[in-house]
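First up is the structure itself, then whatever we jot down about it.
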There are 2 protein chains.
Amino acid sequence: MQRKSFGNLQCPIARSLERVGEWWSILILRDAFHGLTRFDEFQKSLDIAPNMLTRRLQALVESELLEKRRYSEHPPRYDYVLTERGRDFRPVLWALLAWGNRHFAPEGPSVVLVDQETGAEVVPVMVDERTGRRLESGRYRSAPGPAADARTRARHGGPPGAVVATEGDDAP
Amino acid sequence: MQRKSFGNLQCPIARSLERVGEWWSILILRDAFHGLTRFDEFQKSLDIAPNMLTRRLQALVESELLEKRRYSEHPPRYDYVLTERGRDFRPVLWALLAWGNRHFAPEGPSVVLVDQETGAEVVPVMVDERTGRRLESGRYRSAPGPAADARTRARHGGPPGAVVATEGDDAP
DNA sequence: CAGTATCCTGTCCGATACTG
DNA sequence: CAGTATCGGACAGGATACTG
């Protein structure tokens, strides 16, 4: 099965999109985080055509975001559970949720994230793991990493390891 | 231009995907954060067909993620800059970057996020804005928000009497 | 340089029917 | 219940040519 290729595959964002670039995939993962595991549950929740669900589930299993597990011997029955790689995708969903709530919910959010113990609403924000600082200012930018090739280095305007501040504009 | 509809549009994630559900859109935004603004820059960076670039740029302008601005009168020339809504999308890109680096860069990351002042690599993580706690445990879940309809409430199985925290309602 | 105009292909996706 | 098989449409996306 030939995988679609997204421009510069050195870019980790492009690599991520190879696996979840189709929107059904993301919604399936969302539902998996909600605890759904069975074909039928996904189908009802998403209102997706069964053949499409099969395709997307297979792709997610191939990419090792979901694992197909037999939960019954007679008859043979399978369900789909998140792998570690799949569970690690959650921050992306949180970020999408926060963004959607901020910009596309004029009448207020219909789905929020809550702390189960206190019941309080949670607003997810990104911080630097080491310093705890919020990633909001123009202070942060992307740079070539250790495995960058020449083209990536040129693109990000710096030799590996060296941080080069380019024309004072903000970059991710 | 009829917009594609994604299942349950109450879900903020689905709403977000309406705007950035196509992978070119996300890569264009990524490049916009790198400081690209002109048609030509995007085209060279992405290696995208010009008509596709036109279509995706128009869609992003329509969704108000990018703003088309005239930067020259004679001849008339336009460039594309991020709006506030577009800039707010950055956490999603960071999350995708972190996920890609963790799971799809066996030979090490080729692009990393750095603190421009210290040059140190940054690993973005999600925290609760209010408590600063990391969103990692099974402690957090999504729940129906103030604007949830009956179906959404059922879907998220809010326990009866569940606290639905609004911004002013976080009394423990 | 900054696009527009055509044409074409692949495939995402939906609808439906069918099976162990 | 958990899918597979088949058909068809819409459109994302590519290639190319052309314009002010």
Side-chain angles (χ1 to χ4, degrees), chain A residues 1-9 14 17-29 31-32 36-63 66-81, chain B residues 1-9 14 17-32 36-63 65-81:
Chain A
M1 185 183 179
Q2 191 62 13
R3 189 165 296 292
K4 179 159 40 180
S5 149
F6 295 91
N8 178 15
L9 285 190
L17 291 178
E18 279 191 285
R19 275 74 179 200
V20 295
E22 290 127 37
W23 53 278
W24 274 135
S25 306
I26 296 184
L27 293 180
I28 289 172
L29 290 172
D31 278 357
L36 306 197
T37 62
R38 311 244 287 257
F39 192 92
D40 198 44
E41 295 176 317
F42 287 115
Q43 209 201 333
K44 274 205 280 284
S45 166
L46 296 167
D47 192 29
I48 182 180
N51 54 350
M52 280 313 304
L53 182 54
T54 297
R55 294 232 292 258
R56 300 268 62 84
L57 284 174
Q58 273 171 359
L60 289 170
V61 167
E62 250 181 66
S63 299
L66 293 181
E67 194 183 354
K68 188 173 186 172
R69 270 196 333 201
R70 156 176 276 148
Y71 69 87
S72 155
E73 295 294 338
H74 305 293
R77 288 283 184 267
Y78 299 89
D79 60 1
Y80 301 86
V81 297
Chain B
M1 192 195 274
Q2 190 63 11
R3 189 165 297 293
K4 180 159 38 180
S5 149
F6 296 89
N8 177 14
L9 285 189
L17 290 178
E18 279 191 285
R19 275 74 178 200
V20 295
E22 290 128 35
W23 52 278
W24 274 133
S25 306
I26 295 184
L27 293 180
I28 290 172
L29 290 173
R30 177 202 63 181
D31 279 357
L36 306 195
T37 62
R38 311 244 286 258
F39 191 93
D40 197 45
E41 296 176 317
F42 288 116
Q43 208 200 334
K44 274 206 280 286
S45 166
L46 295 167
D47 192 28
I48 182 180
N51 56 349
M52 280 313 303
L53 181 53
T54 297
R55 294 226 296 255
R56 300 268 62 82
L57 284 174
Q58 273 172 359
L60 289 170
V61 168
E62 250 181 67
S63 300
L65 290 162
L66 293 180
E67 193 182 356
K68 187 174 185 171
R69 275 196 329 199
R70 157 177 275 148
Y71 69 89
S72 155
E73 294 294 336
H74 306 293
R77 288 284 183 270
Y78 301 89
D79 60 0
Y80 301 87
V81 297

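A note on names: the letters A, B, ... follow the listed sequences, proteins ahead of strands, and every chain is numbered from 1. All heavy atoms count here, side chains included; hydrogens, waters and symmetry mates do not.
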Going from [atom1] on [X] to [atom2] on [Y], what distance comes out if it is rounded to the nearest 0.5 angstrom?
{"X": "B/Trp23", "Y": "B/Ile28", "atom1": "CH2", "atom2": "CD1", "answer": "10.0 Å"}
{"X": "A/Phe42", "Y": "A/Leu57", "atom1": "CZ", "atom2": "CG", "answer": "6.0 Å"}
{"X": "A/Arg70", "Y": "A/Asp79", "atom1": "CZ", "atom2": "CG", "answer": "11.5 Å"}
{"X": "B/Leu53", "Y": "B/Gln58", "atom1": "CG", "atom2": "CD", "answer": "10.0 Å"}
{"X": "A/Tyr80", "Y": "A/Phe39", "atom1": "OH", "atom2": "CZ", "answer": "7.0 Å"}

Exercise for the section: Among the candidates C/dC1, C/dC12, D/dG14, find the nucleotide nearest to the side-chain atoms of B/Ile48. Expected result: D/dG14
Practice task
State which of C/dG3, D/dA12, D/dA15 makes the closest approach to the side chain of B/Arg56.
Solution key: D/dA12
Protein-nucleotide distance ([X], atom [atom1]; [N], atom [atom2]), rounded to Å:
{"X": "B/Leu60", "N": "D/dA12", "atom1": "CG", "atom2": "P", "value": "13 Å"}
{"X": "B/Met52", "N": "C/dT9", "atom1": "CE", "atom2": "P", "value": "17 Å"}
{"X": "A/Asp40", "N": "D/dA2", "atom1": "CG", "atom2": "P", "value": "5 Å"}
{"X": "B/Gln43", "N": "D/dA15", "atom1": "CD", "atom2": "P", "value": "11 Å"}
{"X": "A/Arg69", "N": "D/dG3", "atom1": "CZ", "atom2": "P", "value": "14 Å"}
{"X": "A/Leu53", "N": "D/dG3", "atom1": "CG", "atom2": "P", "value": "8 Å"}
{"X": "B/Ile26", "N": "D/dG13", "atom1": "CD1", "atom2": "P", "value": "11 Å"}
{"X": "B/Arg55", "N": "D/dC11", "atom1": "CZ", "atom2": "C1'", "value": "7 Å"}

[X] side chain N/O closer than 4.0 Å to the phosphate oxygens (OP1, OP2) of [N]?
{"X": "A/Tyr71", "N": "D/dC1", "answer": "no"}
{"X": "B/Trp24", "N": "D/dC11", "answer": "no"}
{"X": "A/Trp23", "N": "C/dC13", "answer": "yes"}
{"X": "A/Arg38", "N": "D/dA2", "answer": "yes"}

Using every non-hydrogen atom in the two residues, find where [X] and [Y] come nearest and quote the distance to one decimal.
{"X": "A/Arg19", "Y": "A/Leu60", "result": "O-CD2, 4.4 Å"}
{"X": "B/Asp31", "Y": "B/Ser45", "result": "OD2-OG, 2.5 Å"}
{"X": "A/Leu29", "Y": "A/Val20", "result": "CD1-CG1, 4.0 Å"}

Exercise for the section: Starting from the C-alpha separation in whole Å, work towards a yes-or-no answer on side-chain contact (heavy atoms from CB on, under 4.5 Å) for A/Gln43 and A/Ile48. Expected result: CA-CA 6 Å; A/Gln43 209 201 333; A/Ile48 182 180; 4.2 Å; yes
Exercise for the section: Give the intermediate values and the outcome of side-chain contact (heavy atoms from CB on, under 4.5 Å) for residues A/Leu66 and A/Arg56. Expected result: CA-CA 11 Å; A/Leu66 293 181; A/Arg56 300 268 62 84; over 6 Å; no
Exercise for the section: Pick base, sugar-phosphate or nothing for A/Phe42, based on heavy-atom distances below 4.0 Å to the nucleic acid. Expected result: nothing
Protein N or O to nucleotides 4-6 of chain C N or O, pairs below 3.5 Å:
{"residue": "C/dT4", "atom": "OP2", "partner": "B/Thr54", "partner atom": "OG1", "Å": "3.2"}
{"residue": "C/dT6", "atom": "O4", "partner": "B/Asn51", "partner atom": "ND2", "Å": "2.9"}

Handout entry: Terminal helix-axis angle for the helix from C/dC1-D/dG20 to C/dG20-D/dC1, with five pairs defining each axis and rounding to 10 degrees
Key = 40°
